[in-house]
Engineer: 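Could you have a look at this structure, given as structure tokens, before my questions?
A note on names: the letters A, B, ... follow the listed sequences, proteins ahead of strands, and every chain is numbered from 1. Source: prediction; values computed, not measured.
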Number of protein chains: 4
Amino acid sequence: MKTMTTLAALMALTAPALAQDADVTPEERRAQSEVTEVWEPVPETVQTPEGQPPSDAIVLFDGTSLDGWESVNGGPAEWTVEDGAMRVGRGTGDIRTTDSFCDVQLHVEWRSPPNDEGHDGQDRGNSGIFLQSRYEVQVLDSHENPTYPNGQAGSIYKQHLPLVNASRAPGEWQSYDIIFQAPVFAEGGALRRPAHITVLHNGVVVQNHAQIQGATEWIGYPAYEAHDCAPIQLQDHDADVAFRNIWVRPM
Amino acid sequence: MKTMTTLAALMALTAPALAQDADVTPEERRAQSEVTEVWEPVPETVQTPEGQPPSDAIVLFDGTSLDGWESVNGGPAEWTVEDGAMRVGRGTGDIRTTDSFCDVQLHVEWRSPPNDEGHDGQDRGNSGIFLQSRYEVQVLDSHENPTYPNGQAGSIYKQHLPLVNASRAPGEWQSYDIIFQAPVFAEGGALRRPAHITVLHNGVVVQNHAQIQGATEWIGYPAYEAHDCAPIQLQDHDADVAFRNIWVRPM
Amino acid sequence: MKTMTTLAALMALTAPALAQDADVTPEERRAQSEVTEVWEPVPETVQTPEGQPPSDAIVLFDGTSLDGWESVNGGPAEWTVEDGAMRVGRGTGDIRTTDSFCDVQLHVEWRSPPNDEGHDGQDRGNSGIFLQSRYEVQVLDSHENPTYPNGQAGSIYKQHLPLVNASRAPGEWQSYDIIFQAPVFAEGGALRRPAHITVLHNGVVVQNHAQIQGATEWIGYPAYEAHDCAPIQLQDHDADVAFRNIWVRPM
Amino acid sequence: MKTMTTLAALMALTAPALAQDADVTPEERRAQSEVTEVWEPVPETVQTPEGQPPSDAIVLFDGTSLDGWESVNGGPAEWTVEDGAMRVGRGTGDIRTTDSFCDVQLHVEWRSPPNDEGHDGQDRGNSGIFLQSRYEVQVLDSHENPTYPNGQAGSIYKQHLPLVNASRAPGEWQSYDIIFQAPVFAEGGALRRPAHITVLHNGVVVQNHAQIQGATEWIGYPAYEAHDCAPIQLQDHDADVAFRNIWVRPM
């Protein structure tokens with residue numbers, strides 16, 4: 001139990017000489033320190049075993065099936081699953097989660113195919129991860145492959161170029177760790193808060209709380225339109241890109 | 001002088017029941033409250049007489065001369081001064097302050113000419129206020145004059161449309177109160193913090209901490225290039241726009 | 001109608017030499033410029049007559065009655081109205097709007113009483129404006145009246161001291177123009193976005209998009225607790241503070 | 001080479017029907033799309049070999065020596081190095097890097113000792129990582145160890161509690177991946193931009209662009225004081241905490 005003095009105890013609390021007073025006892029300083037402790041809420045406990053998704057993550061793809069995904073054209077996802085990865089079904093269209101999400105932490109691993117066809121620019125290993133079906137983190141083979149930087153791997157497509165090019169060679173697995181704050185809209189549809197995104201590409205920060213200007217546009221300037229929580233969508237951009245180990249934590 | 005109890009004095013400080021304990025005396029609560037007082041720095045005093053610039057403002061135009069302005073083409077500003085206002089010298093080019101600025105609060109009043117020539121869209125009362133010679137708050141006669149909203153009065157040109165159209169009729173004086181946070185660059189030139197801007201148009205919020213994507217571009221997507229503090233620039237867009245009562249407070 | 005060339009028209013659009021090409025005609029450049037025009041949504045029109053509230057404002061106090069206000073202790077507001085102002089009913093408790101608000105622009109004028117009783121510090125003309133009944137912009141006679149700066153006029157009480165002291169003398173009317181972004185909470189109660197606030201005191205920026213740490217606390221560190229839109233509240237801090245000309249624009 | 005049409009080519013660029021026009025050819029759409037490509041600057045290339053620091057990282061501790069560290073009390077760092085880790089030299093004081101840093105990505109691994117002495121709260125495995133020698137990310141054994149949440153592992157000490165408790169058991173290695181934006185000060189010392197911090201604890205987001213209120217304080221409310229780039233500092237809080245695999249990327 002705490003020991004206690006009398007007059008000095010509260011005198012010690014008199015600003016502005018607050019903490020520097022040599023006459024303040026350790027007990028008195030401890031009492032002062034307790035004023036700025038915040039005891040609630042107690043953060044929930046999450047298990048974080050090495051090499052596995054956190055215990056509160058929703059595993060969106062565990063390497064075995066496309067359960068939880070559907071084609072944006074309607075019907076089941078028609079991409080292929082083999083060797084623990086899903087591969088873009090070229091020509092079958094984008095796929096998206098059957099669940100909807102708002103603010104999330106998202107982990108995705110992806111691999112662009114060997115460049116044995118001599119393509120370059122946007123024609124090499126192109127795909128994309130659309131948060132809320134609208135805001136694209138570009139997937140591209142950007143290994144020694146010049147293109148417009150606001151369209152290379154790690155870019156927020158046509159909005160923010162990556163801080164650095166952290167790309168690995170085609171054929172190697174790469175990771176995105178994404179922190180996404182969804183836009184917030186007023187009841188009438190007006191934008192209250194724009195979306196923000198942070199991306200680590202292979203562990204390197206390539207986007208740091210970048211403010212999103214609106215839905216990704218290939219042509220024209222991006223703009224917002226009000227929407228609810230929405231699926232995560234993966235793009236079929238006619239390249240043999242593979243994905244694996246996808247999990248998400250709603251925040 | 002404060003009266004004092006003994007055991008209760010420090011017991012009262014024990015979190016988490018900190019402030020709700022009914023046994024805490026007013027003196028003890030006051031002592032607790034002092035822990036979160038911050039006494040330094042003491043904000044500087046600014047006089048704010050009704051209808052005049054604040055005492056710490058730099059008056060950039062007081063209605064009598066173009067001292068402190070120069071043409072961006074070199075040489076003195078060739079705009080005209082009459083009736084306490086400066087008027088765009090059509091064809092003489094933009095003018096800018098001879099001083100440079102970073103973060104500022106800026107007050108500007110402006111007036112677009114009567115629309116007796118039947119122009120519309122971007123051809124009616126067009127001018128602009130360029131913060132740091134690069135980031136434009138659009139000036140336009142947007143009274144019953146449709147154009148692309150990211151180019152109307154109160155917009156950050158081609159980046160952010162205004163939240164509402166607060167325009168007055170042509171021939172009436174209007175005001176912009178602008179809070180501008182300049183971009184911050186690293187020594188090597190990389191962008192550390194983008195610029196942000198808040199604009200009140202005739203007292204109404206039309207931009208609220210809008211994040212600026214880069215230097216204003218008429219064509220193409222904006223981008224940043226490292227620069228120092230820089231002048232405030234007013235645009236000659238070949239229209240008889242007038243300005244008056246311009247002051248700035250470096251922040 | 002636009003005139004047109006052939007090969008050059010699209011060649012001109014080839015990045016990266018986009019806009020600088022001397023061979024690009026004005027018509028071609030205009031076509032390029034249209035790509036970054038955003039035509040929707042069209043901002044709503046707001047009338048902004050000099051010296052009056054904007055046409056889309058809700059007038060919370062027009063100088064004649066306390067309609068639209070109630071006591072936080074229950075029952076009608078017991079403050080007094082005279083000479084176009086409302087005066088704190090000392091000892092009757094805080095009052096609040098009967099309506100609730102989220103993001104707002106708020107205009108308030110206030111006057112601290114002559115200091116004929118020789119009070120100082122927090123005992124001189126103390127009141128407060130609580131956004132959403134929780135987040136306080138301090139009202140205080142801070143004219144030649146030292147106190148802890150994170151508790152003086154223009155402060156976000158115990159969170160952010162004002163950038164400057166823009167106070168007028170006691171007995172003079174002063175104004176606050178406030179831009180408030182309410183916090184946003186997830187369904188489970190977690191904080192998704194903290195609140196932010198900008199304050200102009202007598203036309204001078206004293207808070208610029210300050211991030212709010214939680215509900216205002218006299219003792220201890222602020223923290224957030226989830227809540228809905230909520231009333232604007234004025235504080236009875238046992239001083240003869242008066243208010244007038246209060247209006248709000250939901251954003 | 002691109003094929004080309006004539007009149008339609010620029011007509012297609014007429015807003016607002018810009019991109020939806022069925023008569024627009026793929027070539028014309030491609031030309032429109034090029035307007036929003038940004039080709040400069042080209043992000044620098046960084047190698048990201050699996051399980052190693054990125055190629056542009058400065059390795060602050062590689063497991064073999066305390067080169068690049070010094071005691072905050074003057075003289076060499078007196079902590080111990082064994083088995084590829086550095087261990088707090090209890091009673092020898094904090095250590096800091098001999099280099100100074102501003103904006104950084106920082107990776108640190110740490111391990112709190114087995115709790116064989118039955119300590120709890122702040123007395124279990126306490127240390128800390130001070131960005132710029134001032135802003136503390138708390139290190140603590142927070143595995144089944146209640147304390148005030150704004151002082152547990154993953155907190156910004158006494159400012160922001162972690163979003164979740166991602167702690168592993170004592171004796172296990174844990175990681176922090178930190179993105180730190182340093183505060184920016186004006187020449188006169190005023191704060192232009194507060195610091196922000198993002199922290200992943202064992203891969204889980206526990207701080208997302210949290211705004212820092214000032215230098216970490218055990219007693220009282222935090223406040224900013226102007227400073228330059230500054231060392232990273234590790235705390236001797238009288239506990240046998242170990243660190244390894246520390247690297248930093250200036251941003």
Side-chain angles (χ1 to χ4, degrees), chain B residues 15 18-19 29 32-50 54 56 103 105 107 144 146-152 154 158 161-168 172-174 177 179 181 196 198 200-206 208-209 217-221 249 251, chain C residues 15 18-19 29 32-50 54 56-57 105 107 144 146-152 154 158 161-168 172-174 177 179 181 196 198 200-206 208-209 217-221 249 251:
Chain B
L18 200 65
R29 285 170 56 78
Q32 294 170 343
S33 80
E34 290 171 350
V35 172
T36 48
E37 296 174 358
V38 173
W39 284 80
E40 290 183 334
V42 176
E44 294 194 18
T45 296
V46 175
Q47 309 301 323
T48 55
E50 186 76 41
D56 64 346
D103 295 3
Q105 176 180 2
H107 177 86
E144 301 177 357
T147 186
Y148 44 98
N150 66 343
Q152 76 180 50
K158 289 275 182 98
L161 45 81
L163 298 171
V164 293
N165 184 346
S167 296
R168 291 178 183 155
E172 293 186 44
W173 283 102
Q174 310 197 48
D177 287 284
I179 310 169
Q181 290 185 305
H196 287 87
T198 294
L200 287 84
H201 182 190
N202 299 325
V204 170
V205 180
V206 292
N208 185 14
H209 199 66
E217 296 286 356
W218 181 50
I219 294 175
Y221 205 84
R249 296 179 56 247
M251 293 177 71
Chain C
L18 199 67
R29 285 171 56 77
Q32 293 170 344
S33 80
E34 289 173 350
V35 172
T36 49
E37 296 174 359
V38 173
W39 284 79
E40 291 183 334
V42 176
E44 293 195 18
T45 296
V46 175
Q47 307 301 324
T48 56
E50 188 75 42
D56 64 346
Q105 176 180 3
H107 177 86
E144 301 177 356
T147 186
Y148 45 98
N150 65 345
Q152 74 179 50
K158 289 275 184 96
L161 44 82
L163 298 171
V164 294
N165 184 346
S167 295
R168 292 178 182 154
E172 293 187 43
W173 283 101
Q174 310 197 49
D177 287 284
I179 309 170
Q181 290 185 305
H196 288 86
T198 294
L200 287 85
H201 182 191
N202 299 326
V204 169
V205 180
V206 292
N208 184 14
H209 199 65
E217 295 286 355
W218 181 50
I219 294 175
Y221 204 85
R249 296 178 56 246
M251 292 175 72

Engineer: Highest number of heavy-atom pairs under 4.5 Å with chain B: which of C:Val46, C:Val204, C:Asn150, C:Leu161?
Structural biologist: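 Among the listed options, the one with the most contacts to chain B is C:Asn150.
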Engineer: Pick whichever of B:Glu44, B:His196, B:Arg168 has the most heavy-atom pairs under 4.5 Å with chain C.
Structural biologist: B:Arg168
Engineer: Are there more than 12 heavy atoms of other residues, nucleotides or ligands under 6.0 Å from atom CD of C:Glu50?
Structural biologist: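 Atom CD in C:Glu50 is not packed in, count stays at 12 or less.
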Engineer: Of the listed residues (B:Asp177, B:Asp56, B:Ile179), which shares the most heavy-atom pairs with chain C below a 4.5 Å separation?
Structural biologist: B:Ile179
Engineer: Using 0.5 Å steps for rounding, measure from the OG1 atom of C:Thr198 to the NE2 atom of B:His209.
Structural biologist: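 Reported to 0.5 Å precision, the distance equals 8.0 Å.
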Engineer: Rounded to the nearest 0.5 Å, what separation is found between the OG1 atom of C:Thr45 and the CD atom of B:Glu144?
Structural biologist: 8.0 Å
Engineer: Can you tell me how far apart CG (B:Leu163) and CZ (C:Arg249) are? Round to the nearest 0.5 Å.
Structural biologist: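 Nearest 0.5 Å value for the CG-CZ distance: 8.0 Å.
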Engineer: Taking every heavy-atom pair that is under 4.5 Å apart, which of C:Val205, C:Val42, C:Thr48 has the most such pairs with chain B?
Structural biologist: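 Top count of heavy-atom pairs under 4.5 Å with chain B: C:Thr48.
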Engineer: Heavy-atom pairs under 4.5 Å with chain B: which of C:Ser33, C:Gly151, C:Pro146 has the most?
Structural biologist: C:Ser33
Engineer: Counting N and O atoms only, with roles assigned by atom type, does the side chain of C:Thr36 sit under 3.5 Å from a partner on the main chain of B:Lys158, one being a donor and the other an acceptor?
Structural biologist: no
Engineer: Does the side chain of C:Ile219 come within less than 4.5 Å of B:Arg29's, by heavy atoms?
Structural biologist: yes
Engineer: Which one wins on heavy-atom pair count under 4.5 Å against chain B: C:Pro162, C:Pro149, C:Pro49, C:Ser167?
Structural biologist: C:Pro149
Engineer: Counting only non-hydrogen atoms closer than 4.5 Å, does C:Gln152 touch chain B with its backbone (N, CA, C, O), its side chain (CB onward), both, or neither?
Structural biologist: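 For C:Gln152, the side chain is the part near chain B, not the backbone.
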Engineer: Give, as side chain, backbone, both or neither, the part of C:Asn202 having an atom under 4.5 angstrom from any heavy atom of chain B.
Structural biologist: both
Engineer: If I measure from the heavy atoms of chain B, does C:Pro41 come under 4.5 Å with its side chain, its backbone, both, or neither?
Structural biologist: both
